[in-house]
Amino acid sequence: MINTTENSKEVAPRGNFIHQLIEKDLSEGKNNGRILTRFPPEPNGYLHIGHAKSICLNFGITQKYGGLTNLRFDDTNPEKEEDEYVRSIMEDVRWLGFEWGERLYYASDFFQNLYEFALKLIHEGKAYVDDQDAETISKQKGTPTRPGIESPFRNRSVEENLLLFEGMKNGEFDEGSKVLRAKIDMSSPNMHMRDPILYRIMKTPHHRTGDKWVIYPLYDFAHGQCDYWEGITHSVCTLEFEVHRPLYDWFIDQLKENEYRPRQIEFARLNLTYTVMSKRKLLELVKDGYVNGWDDPRMPTISGLRRRGYTPASIRNFAERVGVTKVEGTSDVTLLEHSVREDLNKTVQRVMGVINPLKVVITNYPDGLVEQMEAINNPENPDAGTRLVPFSREIYIEQEDFMENPPNKFFRLSPGREVRLRYAYFVKCTNVIKDEVGNITEVHCNYDPESRGGNSPDGRKVKATLHWVSAAHAVKAEVRLYDRLFSVEDPAGQKDRDFKEYLNPDSLVVMPNCFVEPSVKVSPAFSHFQFERLGYFNVDPDSTAEKLIFNRTVSLKDSWSKEKEKAI
RNA sequence: UGUCCUGUGGUGUAAUUGGCAACACGUCUGACUCUGGAUCAGAAGAGUCCAGGUUCGACCCCUGGCAGGACAACCA
């Protein structure tokens with residue numbers, strides 16, 4: 001036999017294109033081998049799964065290659081920014097498992113530096129005060145295909161510019177009456193180089209600097225410089241900033257004093273099917289009450305996912321799976337869901353629960369007898385051990401596990417049919433009790449005492465195994481079933497209509513009368529459970545001693561409904 | 001009629017920098033007889049946007065197209 005195994009190539013994971021880029025920088029000895037990245041959110045909303053990708057990328061780079069990552073709040077627009085968002089962002093980054101330590105920055109920390117830098121540009125004749133209003137300036141900028149024209153104020157003297165900018169800073173002018181602009185090139189093919197605005201006048205108090213400043217730098221004038229002052233080596237941002245890069249570099253050119261310069265690298269933001277990701281839209285959902293806050297379990301926010309029962313590891317794995325490229329694509333939410341299932345499946349406590357209870361009376365079972373049945377905590381992990389589940393004469397099963405007139409493919413309980421109660425006995429349906437209206441109120445069964453544990457000594461088989469809960473011992477709970485918030489693949493892409501038209505009206509279904517086995521109550525250590533046959537659930541933080549609330553993290557894929565569809 | 005970016009199975013990514021395309025998810029099939037959506041074992045599915053060129057050989061380099069995206073906020 002010919003040995004072909006030599007050719008079987010070991011797949012050497014080479015990382016994404018940013019990793020390769022960094023390896024190159026490292027091998028060329030750039031920045032003396034130093035690596036410093038940053039995660040720079042604007043505190044104008046809660047972080048979402050898209051930010052998680054960026055967080056994992058930025059912190060992941062420095063974990064892999066050695067280096068540190070700063071957390072920086074890009075707070076140059078006081079109208080949108082709030083302390084609540086700052087707090088939630090810090091909480092979410094930490095929860096994801098990343099730590100910035102002492103390296104916490106705010107763009108507002110650099111307001112003085114930026115002001116002085118602006119002064120320097122004015123002195124060098126590279127910046128000027130423009131008295132025109134926003135509309136006029138915008139018109140003069142031209143279009144992507146047509147060059148702009150120069151402002152009549154473009155050639156003011158340095159002295160006059162200095163005086164006016166000083167006046168702007170001292171609040172002598174109204175909002176919108178003057179701006180500071182860079183003097184670059186009004187006919188540049190790149191719109192961002194057509195004398196971009198550096199400073200505007202805003203008399204809104206800032207969440208950190210209060211009313212100390214009435215002029216605020218714009219993104220382009222702040223971001224790169226903050227990178228520079230913090231010593232960032234690789235400034236990773238999303239694709240839409242690609243065209244800003246020449247401007248980013250232009251400012252750095254004016255600023256740099258030695259070989260060091262930060263470098264902007266762009267990657268594709270995350271898009272998910274059935275999900276809207278823009279902060280503006282998420283804010284709208286919150287403000288207009290379509291969801292119950294930023295941490296509503298249906299929200300794609302990190303806090304929403306956390307409340308929904310997603311684990312930090314599952315989100316990190318997901319970020320790893322979707323990869324990092326410059327191609328704008330849309331990942332499937334099922335990939336995210338798969339990541340949680342994979343994680344939860346290994347660790348989570350199995351438990352029996354009934355969402356839609358149907359009472360079953362085992363008529364030949366001794367009244368008052370309670371047996372403790374041994375149940376496996378996690379079939380994937382034998383170390384998780386077993387627990388005892390009480391069994392008695394009256395139990396609850398899932399309503400959909402019983403059909404009076406079963407179709408062909410239905411193998412669960414129906415009159416005359418025998419099934420297994422998981423970890424307990426074989427039972428056979430003997431009678432159906434109905435109310436005056438004809439609704440089934442309870443089902444009567446006989447059990448086979450020989451089948452304790454779930455096997456009959458005579459070797460006869462049953463086609464189904466049901467989960468159940470002893471009526472006398474069950475703990476009552478409210479279960480919240482969540483479905484996708486949107487019912488259209490990419491609501492953001494449906495530009496013809498308002499995204500809210502694609503909201504799924506059944507995205508939250510509250511089941512108030514559920515029962516779970518008593519072991520749930522005595523296991524406060526576990527926040528996550530897999531309900532046998534029903535999926536993954538976690539205990540909602542709003543639960544109280546009186547009211548136990550479960551959120552469905554992800555459902556198991558519904559093969560039953562598939563069978564139903566086939567049968568029909 | 002501009003500038004920049006991008007084009008690999010259904011989806012998301014990879015290909016040792018030129019050596020006849022790999023992985024994950026999904027899908028399908030089978031096994032597991034105390035559930036199985038878990039787990040295990042298999043399978044199908046792209047010839048890399050198109051057309052030329054360089055080369056013994058191209059997803060990779062060159063030329064020309066085509067397609068998609070970003071840019072005209074005193075947002076970030």
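This structure is a prediction, so every number in the text was calculated from the model and none was measured. Just so we're on the same page: letters track the sequence lines, and every chain starts at 1.
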With pairs defined as Watson-Crick or G-U wobble and both distances under 3.5 angstrom, please note down RNA chain B as a dot-bracket string, | for pairing with another strand.
.((((((..((((.....[..)))).(((((.......))))).....(((((..]....))))))))))).....
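A/L283 places its CG atom 16 Å from the P atom of B/A76, with the value rounded to the nearest Å. Taking atom NZ on A/K326 and atom C1' on B/C5, their separation rounds to 7 Å, with Å as the unit. A/N77 places its CG atom 12 Å from the P atom of B/C74, with the value rounded to the nearest Å. When the C1' atom of B/G12 is taken as reference, atom NZ of A/K53 falls 9 Å away, rounded to whole Å.
Between the base of B/U35 and the side chain of A/E532 there is a donor-acceptor pair shorter than 3.5 Å. Judged by atom type and distance alone, A/H244 reaches the base of B/A76 through a side-chain donor-acceptor pair under 3.5 Å.
In this entry the base of B/U17 is syn relative to its sugar, with a glycosidic angle within 90° of 0. In B/G47 the O4'-C1'-N dihedral to the base is within 90° of 0, which defines a syn nucleotide.
In this structure, the side chains of A/Y310 and A/T553 come closer than 4.5 Å at one or more pairs of heavy atoms.
Straight-line distance between the C1' atoms of B/U48 and B/G7: roughly 10 Å, to the nearest whole Å. B/A24 and B/U63 have their P atoms separated by 37 Å, with the value rounded to a whole Å. Rounded to a whole angstrom, the distance from the P atom of B/U11 to that of B/C71 is 24 Å. Comparing the C1' positions of B/C50 and B/U8 gives an interatomic distance of 15 Å, to the nearest angstrom. B/U16 and B/G36 have their C1' atoms separated by 41 Å, with the value rounded to a whole Å. Between the P atoms of B/U17 and B/A73, the separation comes to 46 Å (whole Å). Annotation: B/A46 and B/G26 have their C1' atoms spaced 16 Å apart (nearest Å).
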Evaluate the criterion salt bridge (charged side-chain N to carboxylate O under 4.0 Å, His left out) for residue pair A/E240 and A/R269; output intermediate values, then yes/no.
CA-CA 9 Å; A/E240 65 267 29; A/R269 64 156 14 103; 2.9 Å; yes
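Residues A/Y248 and A/F241 place their aromatic rings such that the two centres sit no closer than 6.0 Å.
The side chain of A/T465 has B/U35 as its nearest neighbour among B/A70, B/U35, B/A73. With B/A70, B/C34, B/A15 as the candidates, the nucleotide lying closest to the side chain of A/V243 is B/A70. In the set B/A72, B/A14, B/G12, the nucleotide with an atom closest to the side chain of A/S331 is B/G12. When distances run from any side-chain atom of A/H192 to the nucleotides B/G36, B/C74, B/C71, the shortest one goes to B/C71.
Here A/K326 pairs with A/E266 in a salt bridge; the nearest charged N to carboxylate O distance falls below 4.0 Å.
Note on A/N190: nothing from the nucleic acid sits closer than 4.0 angstrom, heavy atoms only.
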